[in-house]
Amino acid sequence: MSLVAYEYSSDEGSDGDESGEPNQDPVATTQKRTHPEESMEVDIENTPVKHLHLPAPKKTNDLNVEEDDDEFLHKKAIPDNIALEKPPAATNLTIKPKIRNGKVQITIPSMKEFNDIDDTKETKKIEKQMIGAALPKKSTSLLSLLPKPRTSMFDAPKPSGRYYDHLLRNEWNVLLESDDFAEVLNTELFQTSASTDELLHLAVGSLLTLVQYNFLGPRETHNEDGTHGDHGSKVVLTQLKFDGEELNVNVRRPECLLVCKKIFDHLIHSTDAPTELGVRIWYQRYLLIHQRCLDDLTHSLYERFNANVAVLESALVEADTTTKLEHYLEILLGYIQFKRITKSEQWLNKLESATGITVSVEGALGVRTKFQQNPLPQLTLRVQGTDGLGLPDSSETHGHVALPTILKLEDDVRLDKIKFVNDEENDDVQLPALIQNMVLGKLYLLYVSQPKEQLTLEELSPYITSLAYQRFGPWATRVAALFLNASMEATHKRTVDRSLRQIEELAQQLDLPAKETPTVAITDRLSLVFSSWLISSWQLQEKLADIMVSLGMVKGALDIYINVQSWENVIDCYTVLEMRHLAAEVIGQLIERNGPSVRLYCMLGDATDDVACYQKAWELSEEKSATAQRHWGNHYFVRKDYNAAIGHLRRSIEINCLQEPTLLRLGYAALQLERWEEAAYAYRLYTSFESHGFESWNNLAKAYIMLGEKTRAHKVLQEALKCNFSNWKVWENFLIVSVDTRNVEDALNAYEQLLALKERFYDRQVLDIVVRAIALDEKDADGQSCARLKKKAIKLLGHACAQQPNNGYLYALAAELEDTDQLKRCQKLQNAYRGYTQSNSQWAKAAQSCLTVVNLCVDLCECSLQAFQAAKSNKDQFVAHRSQLSSARLTGQACLRSATNEAWPECVEPLAALEELIGKLTTELKEAMAQ
């Protein structure tokens, strides 16, 4: 038994605006509009952008009815405050738009009627005015982020409120500087004059601001310190705790998260809230973002998320397939984030059933290195069923977004990616944006649910390759794929260099130097961000430092760890540098400068090995911190003081049960002290969260066995075998428990597997119990006759005899079960005698072995005599049975001579019986020869 140790969504933002010159990179900033209610749309093909002044539609018009699927509309809104030259074909510009059924029908004149703009200066001026001020494409606009009514699913009128237009124009600072924001933030029970729609818009703006500053960027580096700092007051941080877990110290703008929390807590329980579907979608997104901002998983947030999913699933019943795809993806990624693997697999199956899309890997011949001559089977990705959904190409929805690219490997031996023999396999299949997110979801499910072994990582490679080489797609999806690829490549000497460079490039994407324009606007980064896997800024920094440590750059990594306040890693670095005392000094200075906190005292305790620090952290939290108790318990655990560790680890679990490593340590410590009830509690709780680890099931079975609950242990070991079907240790445990619980058929299956997994496996006691139960026709645990398993047992013994031909006992057991063909039984007894005598040439020198062989010879002679007497009248069988009778006689004579010379008292009676039988065999043979 061993301890298991595991290391430890979609909204659409804007796709931004394209430049009038197709060769230039898109740029976006934020700019206010003078007339927010006026907008215009033009179609974008292969020509420069022109601007048509159109009257704004009335507020009563339905803004969403022109497209049922607001995922992938391909038009851009253009601000109306841009001064343009009067085009030559002015008559065509005076045409008023047609109004039909409340829709604005825009007629686009031919581009031939316009002259090219030759004035470069004027062109640049127009482009600059468009940056940030124009609404993003409707396919990824913030309008699609807002809730739609549950009835008449996508035919909602334009939401009302003071903040709606600011939200659409990405003017989120206006929302954060409003009186309503301050009132919600600073009061416990806010009594604001804002409507429920306005509160929802305020929460959405706050959440998107938080996502920008912590997960997406771009964020200016000159006015942010990267930590809570002045904008993270203790009051705010205290209200954001869940189950004693504090917000990560690197979270920027935590007040935005608190406003989201208060508003959604109000809206979820409000009777006059906006459409339930929209609120539920954004509430789920808030919960997942809040969890990402915490240092550890929390059970309270998971319970809220799980309850919200139940409501959201019923609300999505009438939704179209594309909408289901997006929001099912968000739910799937949410369960993956909470590491609920069983739930994740269920939602992946629901997603595939609802959309008809299957994602799988297949084998194809290819080479990995530049000098490889013989192609070998390699894995490649297959995505089927995308045509039926009618999703637009990613080039249409994200063609203008400048995605981060996978860097060149620059290795002398290995290719950048696998080169397949079939040229068609080398072409990267371009997937629609939502399908890319679906591939990403399955990728992270496999990564989280499976052990980090080389074979598992090989299975992930085709998923990553497919995503990394997409020409267009969501920005957040590409970052997540490259981050995981870099994390995996960091473990190999030929790819670790690219891994380091890749993480550095991704980290630079988030921080924007002062007075520089971002290459990818926030509206483009928000596209499908909630159905992708968000990577926080501190995750990137810590991964960069981890890779630097693996390359020996400890001092450089130390600076990064200190910057992101990853004190566990700081302590490790100082230990490597043989300056561990400096870690305590740095943490102590931080406590003096910023004041004490639970986390800092815990880190100080880790650095100084002073238990008093954990006591201070526990008192500082008013005895509510799971973190303090966890560190306290770990302190004793690493010193193998399991008795002291169990109390603190158990207290930590009682506060926040969603701590898988802590549960494993609690269970292991209980096993070492033989506190079986405690061990069963820990492993039972762990397996309810993480059911894919066979070690935890195996340890739980051991606890049940020691408690005398062998029936429960038998069922638990079946779950362990589902997780790892090829581990012989689990099969051996299952074999023993099956025998103890009278599950004879399971015992036979387990023994068969052990013969295949473990060379020359042999358990005499188990075989003896199983064969006796079958031979005596006993009842098994289900009350069924064991005799029905006779053929299966004979087959099993045949496999065992083939592996160990000199094991006489196996042949003897096989002969005991052979009751239909007497000749076969005689032959097996003959083989048993040969096995006993050949494996032990001194068998007659020991009384016990001599008695065994003599009794075997008696059985052989009796069986041969009976078989001959029954078959001597049958001419077809006479010769074979006479030959067997002669062989038995010779065997008996040899045994009689060897055993008589030793004269063991125990063998007197068997030898007399054997001598008598030999005489009978001799008489029968003489009569047979006379015929």
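The shown structure was predicted, so the numbers you read here are calculated from the model rather than taken from an experiment.
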Between S550 and V496, is the side-chain contact (heavy atoms from CB on, under 4.5 Å) condition met? List the steps.
CA-CA 9 Å; S550 68; V496 65; 4.2 Å; yes

Salt bridge or not for [X] and [Y], using N-O below 4.0 Å?
X	Y	value
E246	R599	no
E458	R368	yes
D265	K261	yes

Look only at the side chain of [X] and the backbone of [Y], and say whether a donor-acceptor pair between them is shorter than 3.5 Å.
X	Y	value
E678	A670	no
Q659	S652	yes
S466	P462	no
Q291	T298	yes
N308	R304	no
S688	L685	yes
S499	T495	no
T323	A319	no
D746	L735	no
R525	W475	no

Taking only residues two or more places apart in sequence or in another chain, which ones pass side chain to side chain contact (heavy atoms under 4.5 Å, CB included) with [X]?
X	value
D572	N569
V309	Q284, F305, I331, Y335, W347
T627	E245, C602, S625, R630, H631

Looking at side-chain heavy atoms only, is the closest gap between [X] and [Y] below 4.5 Å?
X	Y	result
V383	V429	no
L526	L216	yes
V359	R382	no
I336	I341	no
P474	V529	no

Check for me whether the distance between the ring centres of W567 and Y561 falls short of 6.0 Å.
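No, too far apart.
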
Taking the six-membered ring for Trp and the single ring otherwise, decide whether the centroids of H648 and F637 are under 6.0 Å apart.
no

So F689 and C657, side-chain contact (heavy atoms from CB on, under 4.5 Å) or not? Walk me through it.
CA-CA 10 Å; F689 297 144; C657 65; 3.7 Å; yes

Going by side chain to side chain donor-acceptor pair (under 3.5 Å), name the residues that satisfy it together with [X], two or more places apart in sequence or in a different chain.
X	value
K758	none
S300	D243
S360	none
Q212	none

Pairs flagged by salt bridge (charged side-chain N to carboxylate O under 4.0 Å, His left out) wherever residues 527-547 is involved - sequence neighbours left out:
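Listed once each, the pairs would be none.
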
Among all residues two or more places apart in sequence or in another chain, which pass the salt bridge (Lys or Arg N to Asp or Glu O under 4.0 Å) test with [X]?
X	value
K729	none
E345	none
D428	K417
K722	E719

In terms of ring plane angle, is the pair Y447 and Y444 parallel, tilted or perpendicular, where the classes change at 30° and 60°?
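Perpendicular: the ring planes of Y447 and Y444 meet at over 60°.
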
Measure the spacing between [atom1] of [X] and [atom2] of [Y] and express it to the nearest 0.5 Å.
X	Y	atom1	atom2	answer
Y328	S353	OH	OG	9.5 Å
I406	E489	CD1	CD	6.0 Å
L700	L671	CG	CG	9.5 Å
L391	L325	CG	CG	6.5 Å
Y463	L484	OH	CG	12.5 Å
K442	L333	NZ	CG	14.0 Å

Does one side chain, of [X] or [Y], offer a donor that lies under 3.5 Å from an acceptor on the other?
X	Y	result
Q470	S394	no
T477	N437	yes
R684	Y704	yes
N724	S726	yes

Per the salt bridge (Lys or Arg N to Asp or Glu O under 4.0 Å) rule, which among E660, E690, E303 passes with R340?
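Going through E660, E690, E303 one by one, the salt bridge (Lys or Arg N to Asp or Glu O under 4.0 Å) with R340 is satisfied by E660 alone.
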
From CA spacing to verdict: side-chain contact (heavy atoms from CB on, under 4.5 Å), E313, H327
CA-CA 9 Å; E313 183 179 9; H327 297 301; over 6 Å; no

Under the criterion ring-ring contact (aromatic ring centres under 6.0 Å, His included), I'd like the reasoning laid out for H714 against F734: C-alpha separation, chi angles, the key distance, then a yes or no.
CA-CA 7 Å; H714 178 259; F734 184 63; 5.0 Å; yes

Take F483 and W533 through the test ring-ring contact (aromatic ring centres under 6.0 Å, His included) and record every step on the way to the result.
CA-CA 10 Å; F483 177 81; W533 189 266; 9.9 Å; no

Decide if atom CD of E677 counts as having more than 12 heavy atoms of other residues, nucleotides or ligands within a radius under 6.0 Å.
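Check fails, neighbour count at 12 or below.
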
So is R675 actually on top of Y642's ring, under 6.0 Å and inside 45° of the axis?
no

Among L721, I705, N698, exactly one meets side-chain contact (heavy atoms from CB on, under 4.5 Å) together with N733. Which residue is that?
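Of all the options given, the one that passes is N698.
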
L294 and N248: CA distance, side-chain angles, deciding distance, side-chain contact (heavy atoms from CB on, under 4.5 Å) verdict:
CA-CA 5 Å; L294 297 175; N248 187 283; over 6 Å; no

